[in-house]
Every structure is written in structure tokens, then in C-alpha cells.
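Report on the structure given below.
When a residue number appears, it is its place in the shown sequence, counting from 1. Just so you know, these numbers come straight off a predicted model, no measurement behind them.
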Amino acid sequence: MLTGLKTLFDRLHLEGRHDHNLRAADVLRITAHSLLSHESCAEEELIQTFIQKLLMLNYRARYIKTKQTNEQDDTQQKDKDSSEDEFDIFDEMSMSNKGNSQSERIHPMDVQMAVFHCADGFLKQLMVTKLSQCQYALPLLVPDPFTQQIEFHLWTFRQINKSWKKRDTNHKITSQTKPIYKAETPMVFFFRFGSVSSSKSQLMNSLTNERHNTFFHRNCPGSSISRVLMDGVVEIAWFCPSGKDTDTFTECVAFCNLHGDAGDHEKQLQILFEMASVNVVVLPQLDRNDKHAAKIQILSRNRKPLICLLTEDVSIITEMRRGKYKIGLKDRNQSDVSEELRRVINDCLSESSSTFRLENVSKHSDIRVDEEDDDDCRRGRDAAQQMLNLLKEKDLTEIKESFLPHQGRQMNSHDKHKMFFIKWLGILLGEYTSADLSDLHHKYDEKWSTVLQLKKKKKHEKSEQLKDEQTELERISEDLQAAAFGLEHIMREIGQIYESCSSVKKNKKGLQGHFSYLPSLAAEMMISGFPLELMDGDAAHVPVIWISAVLEKLTQKLGNQTRVFVLSVLGLQSSGKSTMLNAMFGLQFAVSAGRCTRGAFMQLVRVSGEMKTQINFDYILVVDTEGLCALELAGRSTRDHDNELATFVVGLGNLTLINIFGENPSEMQDVLQIVVQAFMRMKKVRLNPSCVFVHQNVSDITAGEKNMEGRRRLQEKLDEMTKLAAKEEVCDEECFSDVIGFDVQNDVKYFAQFWEGSPPMAPPNPNYCDNIQELRKTIMSHASNSHGMMLIDLKDRVKDLWEALLNERFVFRKLETEYSKWSWSLRSVMMETENKLHNKSKELALKLKDKANDKETLKKEFNLFWEQSVKKIITDNPPIKDIDVMRDVRKILSDIYRSAPVDHRGESRDIFFLQSYSDYVQLKKSRVLKKTLRRAYRSAKKTLGNILSQEDESQIRSLITDVAQQTDRMIQSFNISKMGYSISCIQKLIDYIKARVKEHKKGPVKYVFKNEFFMDLVLSIGKRANEMITDKHRQFREANNPQIYVEKKREEYYSIFQKYCHESTSAAIFGEIICQKLKEPVEQSINKKTSRDLTDEMRANCPSLNGNRSNMEKHILKKLAEKENYHKYMNYIHKPRDHFKSFIKYEVRRYITDNFSVSVLPEMKKNIKLLEQKIMKAAHESAEHVEENRGDVGLWLKSFTQKLSDELIFSEKDLSGVKHDDVDDFNLLEYVIRHELPDIMTDIRSRFNTETFPVKLDSKLRPDEILIDHFCQCCWVQCPFCYAICTNTIDNHDEDHSVPYHRVNGMNGWYHTTSQKLCANICTNLVTSDQRFRALDKWFTYKYYRSAGGVYAKWSISPDLSELNYWKWFVCRFQKDLEKRYSKTFKCEIPDEWKKLTKEDAIESLDKYL
């Protein structure tokens, strides 16, 4: 036996490894071998090939072929030169039998068990976890190959969870997920006596998973006669039902399999037989003379059900006595046998109450339990359990407060104990919270089902109950988020403790001893393979101080010259990002449906020494992120949050994997736009990351042509998203390759679906693993062309990126533009000026302290001081000037057209209100048109007054409308209210307009624009933008002009000045300063909160705002009909988006004015009261925090500002320069804030009125802008015939444009070419007729309008009789105005019945059909 063992370990190159010194770190690294696909390998490579495939979840790890040294394909060859006459088949057969036999091949299970015996505890656990994920049986009882001591490796099962579904008698399905070591299930034990002709393991597979070899058997690929390490091993697997009728068993059942002759392994037989619910023995015959007959007799008399499978018996199932069965296997169809066996096992289980629990195996004597035998493991568990006991006495909200200080005392021993402690802590926390989480998930599912049922009811039946149920559903959802408590939360808290302590100045020396080791601990965890949270998933915050400290320690431990290649991943929620990373690098990011990644985590993967000759770095730093567009984060994780996350990880990564579930480009749109915008921002700051797109779950990845089509569609979608992003980022990139280097052939990967079959019993798909291997090669190819980055520089990259995101500027400090520097320096000047004033006023007060009671003298002295100070401020900092937008527009236009200055053109025309653009164009020169034809055309123009077709007019109008929309977005992106105005803003607008006009000219048009078109378009857009830009610049000037800013502070400073005169304490004065500083942030916060609440209220109560855009359009049309103002109608018809905006602004203004005293003001007062309470609470808790931690005013201020960070834009920086180091009475500080704050709040409350609200808000936070964004981010394309607006709610949608009700086409100037009369037809009628229209110099029938191509082909106009009386009335009411506008008449075209319609009829038709 020992000789065979030594031979095996030698052949596998595991000499000296069987003392458990093979570590996870030895296998979790990138090697040259790991980058190759190995279906076969040499014997010495079997171990690393097996581990590589297992870590990638490739179940073919058990089926690796070995390459023979002197043989090929296991075929023995002899000299082939001998003649056929000399050939003797019998001699040759005899000689070949003496040669190498099959038994000399290494058995696949010996490879697995050899690694298992050589592995340390952490690698064993990793192996067993991965085997479980591959749906393989797991080692339960394992004899030590050298001592034959039976070992139970309970530790290896600690990270395995199993999920299943059960169906009750009412056919209701319930889901369960449990740590497998805690699960109590029935257990069926299979064993054999003697040598049998049928495979026991194969028979078990037919019961648990017919399509997968859960238990390795003699007929599996690579199996051989000889095996060294499997006899006496007991393996276990679980059948998990899916809740379907096809389930073999209706509940979760454990199956145990004893390998080898049970007669030789009595201890294993005894333990498992007693623990089983049903026992199944395989033997040749029931024979009294058999050497095992006595044992079989004893077993049969046990009360446990026993099933005897007889390999040499042909009988069908027979119940010999109650609970004792025999089934013959000889010459039987295996499917029939499996069905009989399944049925009888189910019968036995239905009558048995016996259950099996994995942990109970450890109670048996004479077996070695790893968790008890390994001192480090045991001590780590005891320490973790001791800490966990604290939870049983605490509410969840108190856990961290009492939990974490204790942790610091537990982590000072050696590394292995430390890592066991951390692992145990994670395991026990998961176990502790799993029951509550499972219960909450169950409650959530039930409540969600109730909500769905209510939504199916009629509206009047469900409103109140639905609202209550949805509120309860939201509460359960919040409970689910709050109940999640794992290792990452503890590490997050450690980081927060460290950040707090690092800010304490007093007693810092003493504190260092307690807390300075924390970053070192986190660094050790990362080196040991644990992920570390980079971005707090709950607060969407990067703790820069903590992360920087950890990365510093990591650099110290790994060396200053350590280089890393950062690989980040982005994708929609539940698109398989973490699963992909786990399979690629053998990692263990959380992947279950209930534990989606939140925030971002980073983990190190080591690169082997031989690989460093090919790539220039030592580690890959993998960054896994939360899913974009996460549903449960809808309240918080808006598009802005997704943009921040994407920009952060793209900026961090040398390579970003863009993970997409499926291959439908329309479903990719959200993630692609976010990603493209992030890459565009990186280009701005001269970072050059690369990306690879991964399409997960693609059904047919072998179809080359289909993949080519998929790549083409992806490229088109990327280019489309690039154009959209370029408009938002004000760039001129037109395709994705302009942004980054991207090879659509090599940088797009298609992945097969992850599961091979249906969960929960399906194993991972081997094709998916092949795709992973291919992706690894691509990543390393990118890596070989990258220098990565120095680990020591990574902390600066993290810091720069995060600060740039916080400041809403996607630029780094070293790359900021001069304009941004000026903007920041201006803010710095204001803070510096304010602090100088504070200090000077203090000096003056000290001089006048003997006159503290002479109010008149104090006031006079202060005013003199103030006027002198303000005068100096004006001298040193000239005020920001007012701007003249139109002057700048004309200046730039004059520079473009020097020969024809704009100022000398006379009054320009507003291009948005013109009925025709003929004066702006001239026909392109054509060789086809003869001089006579051109003369005839000019004559026709003179007669008809128009050389453009209706299609031409429509194209130009669409161009103007789209340019206006895009320039509006550009102006919003300039962020003028925060960054100020510059003429460069106008330059960018004009450059964009110029590019669009140039692009339009290149299209299939027969005309060219005159210069006047571009000039009037620019001037018209300038006039539109003038008010918006001027208003935003006014906000900037008021916020950033030092003179205005300081004047606002006059009374605040006088109050503080008086306190100095009366020699108030530092704490009292500092409290006063804080209250004064809070005034502006409080006012902004109240305005924001009230604005959001008011917006929700208007959406609920205002009839015109409480539906969709179609509902709003109905109200607009009603209002227009009531006013009967023709010019307003024209504004609505030709500038619908602008009209909608104006209508929303009017409705909001009216609502605020009408409801200010009854709705707005009470809401404000309520919000003020709540905020006042939160501020006082923050002051009180901060005072307690300082007292507990023996801190100083710095700690108090950090705590105070952090507690208010969710409510106020207020930080320690707001008080920089204000001397407060001598503040040490924190109870007094709290008292002053509590005493002064109500007066501040009263002052704020007194200034609330309809004039100040919501003017003081940033424009994008105002109710009207919020509603405009809600209603107007949709399609605004108009029908080329009647100008009806497409009702699709998605801008740039892929589907055809459509509208339920079209208008009268004569409103748009359509006329009969023969009679020259304006048309009075409606599109839905026209498309049923054979009437014709002209487009592209050709005639087309309306019935086949799409054949005209262009804008016509993109509309779906249904041929029906749907008509609105509204537009019939409109044409009759404004007939003369329309005829005057188009210089044509409706004579005899308008039906008589139209003329009978009244305004009331028109409005009634709106109520009826819209």
C-alpha cells in the first residue's frame, strides 16, 4: 500500500507535499500553464491542470487524458516491418497482454484525492466549495492514506449553501437556502459487499442527476482498474428539488456513497448506517455462505429500511418484510431499475422521520474532526464565536458599536490563526443572519404576490389597499437591506474607526498604538486572498483615508516596485459579473441572487515568476462592482450614481470588462451609454484604458455569421451612444474608436449560458469554461501591451478620481484647465477673505472689550471696520461682471463672416416661426438641368413663391428642432451656475451648429444653404438661450462674488463681534459661528427637500401633471382652445417641446402661488423642524463621541459634519481658517448650538415666500425642471404630413414613430399642385387612398408612403377612421390665418359638417379620446 502511495505521489510530482503544505496561494495565481487549454497533459502536469479546471468550475477536470511518453493514444506498437505471412495473432495477443495494462494509468479520483490530502485547510475548503458548484460528490469521511485514521473534514463544508424549492399539498412553492452543514434532510446510504458487476455509483447518479456523473464510476472517461486513494472514502451529495412535477424526490435528500468493500471499512459502515434514513446495499446474492452473511443478517434486523440490490438476481422489486426490500439487477433495464429504486426509496422516506445533519457526524468517536484537531482552526472559531455571542444580546443597530472594539484584541496572533478567525467570522455571521434573511425573503415574496394581484384589479377597487401594501413591501425591502450583516460590514466599520481616529489631533500618539495596525490587517487579508471593499455599497462612498492607508501598507509588504494591472468589470445587475470573475481567477465573490455585489470590491491575483518575462507586473487587481440600473436601488442608484460608479472603475482600470446579459442591442442601451460616457471622460484627462465586451448567455455561440452580425450591431450601437455622449460631454467624437482603441473582432466575446441544464441540479456548462479560458488569454494579451501602474501610485489614482467625482468635475488636479483653476482660486479667495475678516474682527473686539456695554460705540466701530474691509475686498477682487450673450454671439459670427458683419444685416428673423425656408436655400448646380429648365424653375419660384418641396421643408424643420434640443442639453452640461460663464460656451454652441449644418448638406438634398440660414439659426438659438445662460450666470455671480458674499455675512459677523467684546468663551463663539455657517446649507437643504416633496404633490394633485405626456397634451390643447390665440397655436405646432416646457413652468408657478400658504409653507416648516432636530441630535451625539474617545474639537467637528452629511452640504472645510483649537467645553458648545439654532431657523423661515422659492435652488433641482426632465425626455419627431408628435416615451427609439390621432395636413401647408388649394385631409384617411404626394422630385401614392424613404419610411400610419373633431374645428376657426400664412385658400376643401363644430365639441373630443 505504502509503495503504491509513494509511486502515485512521485508520478504526480507531489513528493513532500502530503503534510498539508499545498496552499491556496500556490494555485490562485496566473501562470503560463493556466493560460492554455488542456484536454490532455503529461502526468507531471495533471495536478495543476486538474486544479486549474476545477477553479474555473469546469467539471471536465475529472476527465483529463494523459499523454504517454513512449506511446500514442494508448496504442502499443511493434515492428511493422515483419511480413504478413509471419504474423501469428495468438502469439501477438499473448505478448501484448504482458505489456503495459490499463491499470497503470492514474485514476482521475486519485488525482483529486492526492491534491486533497496535500492541501492545507483553506485550499481543501476552496476545493470542496468548487466541487460542490460543479455538482460533484464531496469527501465526507476520508481515511488518511498513511495512518488509515478516519478524518471528517467539516471545515471544508462551511462555505457551501444549497437552495431548493418545495411544493406543498396546495401546490404552493416555497424556496429554501441553507448552509449545508445546518440542513436537516433525509439521508440515503449506499454501500456494497464484495465485488459486484454493476456500478453502484452509476446507479446513484441515475437517482440524483441522470445527465451528470455526480459520483465518479467505472464507466466514466479516464477510469482505470487500479485506484489507490478511494477505498474507504465516503462521498456525499444532495438532491435539491426544483418544485416541478419532474423532480425525482419532493424534498432535499442527502446521498452517501462508501467506496470499496464495506466489509473492509466497518467504522464508516457503522457511522453512516446508523445516521441514514434508508440504507441500500449492493451485493451479488443473498447467500448464507457468503463471508459477509453475518453482517448482512445483523443489518437486516435493524429497524432502518434496507434495500438489497442483487447484481446476480433477475427478480423485480420484492418486499421481503416491512421496510426490507430486494431488487434484482441482472439482465434488467437500468431505467426500470432506477424507477423501482426511486419509488421504494420515496415510500421508505415517507414513513421515516429520521433526518441527517452534517455537523452530527463529528459526534462519533474514533474519527478525526479537522476543526477540533487543527489548533489554529479551533482557536479561530472560539474567538469568532466569543464575539458572535455579543449579537445575541444586541439589536442589529447596536451590533457594530459593541462588536468592533473587541475585534481589535483578537487579531494579534500569527497569520494562520488570524485568517481562520476571519473565515470563521464570515461563516458564523452568515449562519446567524441566514434565518432572519430567509424569513424576510419569504415575507417579501408573499407581499409582492399580493401587490401583483391587486394591480390586476380595477382601479377603483385597489387604490387604498394597493398603496398600503406597497408601503409595507417597501418597509420589508428596507428591513432586508438593514438585516444584511457580513464581514464586509465589519471591515467597513474598521475603516470608519480608522478614519475617525486619524483625524484626532489630541492624544494621537496613544491612539496610534490601538489603531495604526488596522490598515496592516486589511493589507494582510488582501494578500491572503480576501476581497476588500473599495466603495461603500450602501453610502456610495469611497473612504479615501482608509483605502490610502491600506494601499500604503500593501506596498510596504509587497515592495515599492510592485506593479499591478487593474482589471475592472461593469454590467447590469445579475448579468453574471461576479460569477465570471470567480470562474476566471478562482475567486469567491458573492454570487447568490440574494447577495448581489454592492459598491465595489478589489482582490489581488498573483502573477507567477515565469509570467513576469511576458508581462510587466506582479499582480492583477480585480475590481468587482455592483450592477448598473439596480432595481432595489432605484431610490438612490439613479443614472447619476451609475455614471459615477462607471467613471470611477473605468478610470481605475487598465482594462474594463463590459458584461452584457444577452446580445440584444436595445437592451444594452442603458449600460452602453453609461460606459461610453465614462471612457470619453477618461480621454479628456489623457488616460487610455481599454475594454472588452462580454455577451453572456448567448444561445448559439458557434454560429460565426451570427456573431459577425452581433458585432456589427454592437459597433453601430456603440457609435450611436458615442454621438449621444459627445453631445453631453461637448466633444466632437463620432464613433467609439475615436474614444479608445477598440477592435470589434477581438474585443467582443460571446459566452454560452452558465448552466448546463436547469438549476438547482445543473452543473456549470463546460463551454462557458472554454469561453472563460479564451477571455483570460485576451486579458493577458491586453496586459502584455500595458505597463499597468505602480501599486504605490494606485492610492493617488483612487484619491484623484474620487475627489473629481465629488466635485462633479471629471478631471484630475494635475490636469485641470486654467478656467477651473481660476474658479477654485475664486472660492479660495472668498474663504480666505472671510477668515481674515473673522480674525480682524476678533482683534478689534479685544481692543474694545472695556466698552462692551456701549452699543452705539461698538456699532460705529464695527461699521467703520466693515466698510474699510469691503472696500479692500472690492479693490483686491474686482466684481464679476454682467454678461451680454447676444453680443458674444454676434462677435463670433462677425469673426466667421468678416466680409458681411452681422451687425450690418439688419434685424434677423426668428427661424423657429417661419412657414417656409425657401429664402435660405438655392438649388444645387446640375448638369441635367438645362438653362431653359432652370429659367422655368426660377419663373415657377417667382409665381409660387416656394422652391422647396414639403419634404424639404420638413427636413429643415427637423434639423432646426433637433439642433435646438441638443444645444439646450449642451447649455445644461456647461454647469454655468457653478463654473461661471465664458465666451467659450457660445463658441462651442456655434461650432456644434456649424457641424450639424455641414452634416445636413452632405445628405441627399437638392439644395444648399445660404450663409443667412446659419447666421439666423445661430442668432435664433442665441435668443432662446440668452435668458437661461444669463440666469445661471447670475446664480454663479451671487454665489461667488466676494463682495456680495461678504455683505451677506455682515449681521453674522456683528453678532460674533459682540460676543468677543463680552469675552465669551471659545466654545460659545465657535457655536455661534457654526450656527451662522449652517444658515445657507440649511436653506438649500430645505429648498431641495420641499422641492422634491412639492413635485410629488403636484404629480398627485395637479390634473395636467398627474399622468403621462399625452394627458398633458390634452390639457395644453384645452388651454389653447380656451384662449383661441393663433400665435400660441403656431408656437405649439412648430415648437412643441418649448411649448410643453413653458406650459409646465406656468402650471408649477400657478400651483406654488395658489397653494403657498396651505401646502408649500407648511411643508417647509415641517422640514425645518425635522432638520433642526437632526442638527441638535448630531451636536449631542458628537459631544458624547468625543468624551468616550478622549478626542478634541477636530473629532467633534468630523463627527458632527459626518452625521449631517446626508442632509446638508456642510463640511470641515467650511470652517477652515476659523481658529477653534482651544475649544474644549463640548457640553457648552452643544448648549450654544441648541440655544442659537432656533433663531437661525426662524430667520430662514421668515424669508420663505413665492419670490425666493424656488429661485434660490440650482435650476436642475427646481420643481419645474424636475418635471420638464420627466415629461420631455422622450420622442419629439413630428409626422411629415401633419406635424402630429410621436407618442413614444423613449428618445431615439428603434421602433417606428406613431401617434393615435393625426391632424389635418393643410395646417402644415400641404396643398393640391393642380388647384393650389390647401388640403383638408387627415393622414389616417389619406393612407387608404390612391392620392399622390411629391417627394425627392418623384410622385408617390399615400397608400405606399413608406416607399418615399427618408422621414416617411420611419413612420407607421395606420389606415383607419380615427379622427379628432378638435383639429377640424381648429382649421375652421383659424381658416383665414392659415390661408394668410401659406398664401393659399381652403376654398371648397373643408367639408360642411366640420364648419358646424363648436369649441365645446372640440374640447369634448379631447376628453373622449385622449
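Listed by first and then second residue, the salt bridge (charged side-chain N to carboxylate O under 4.0 Å, His left out) pairs that reach into residues 772-784 come to none, sequence neighbours excluded.
You'll find the ring centres of W424 and F420 outside the 6.0 Å limit.
Residues T656 and V650 share a closest heavy-atom pair of OG1-CA, 3.8 Å. Annotation for S163 and T177: closest pair OG-OG1, 2.8 Å, computed over non-hydrogen atoms.
Here CG of D26 is found 12.0 Å from OG of S608. Values are rounded to the nearest 0.5 Å. Rounding to the nearest 0.5 angstrom, the gap separating the CG atom in D624 from the CD atom in Q603 is 9.5 Å. If you take NE2 on H541 and CZ on R492, they are separated by 10.5 Å, rounding to the nearest 0.5 Å. The NZ atom of K795 sits 12.0 Å away from the CD1 atom of I545 when rounded to the nearest 0.5 Å. The distance from the CG atom of L794 to the CZ atom of R797 is 8.0 Å, given to the nearest 0.5 Å. In this structure, CG in L655 is found 11.0 Å from CG in N785, a value given to the nearest 0.5 Å.
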Subject >> Intermediate values then yes/no, side chain to side chain donor-acceptor pair (under 3.5 Å), S1199 and S1182 >> reply: CA-CA 6 Å; S1199 172; S1182 298; 3.0 Å; yes
**OP:** With side chain to side chain donor-acceptor pair (under 3.5 Å) as the test, would you mind laying out the steps for T778 and K749 before giving the verdict?
**Re:** CA-CA 9 Å; T778 301; K749 304 296 177 186; 3.0 Å; yes
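Put simply, the side chain of M580 reaches to within 4.5 Å of the side chain of L775, judged on heavy atoms. Between V623 and L567, the closest side-chain pair of non-hydrogen atoms is not below 4.5 Å. Residues M535 and V542 form a side-chain contact, since some pair of their non-hydrogen atoms from C-beta on lies under 4.5 Å apart. With a 4.5 Å cut-off on side-chain heavy atoms, L558 and L604 count as touching.
Applying the side-chain contact (heavy atoms from CB on, under 4.5 Å) rule to T555 yields the partners N560, L791, I792; only residues at least two apart in sequence or on another chain are considered.
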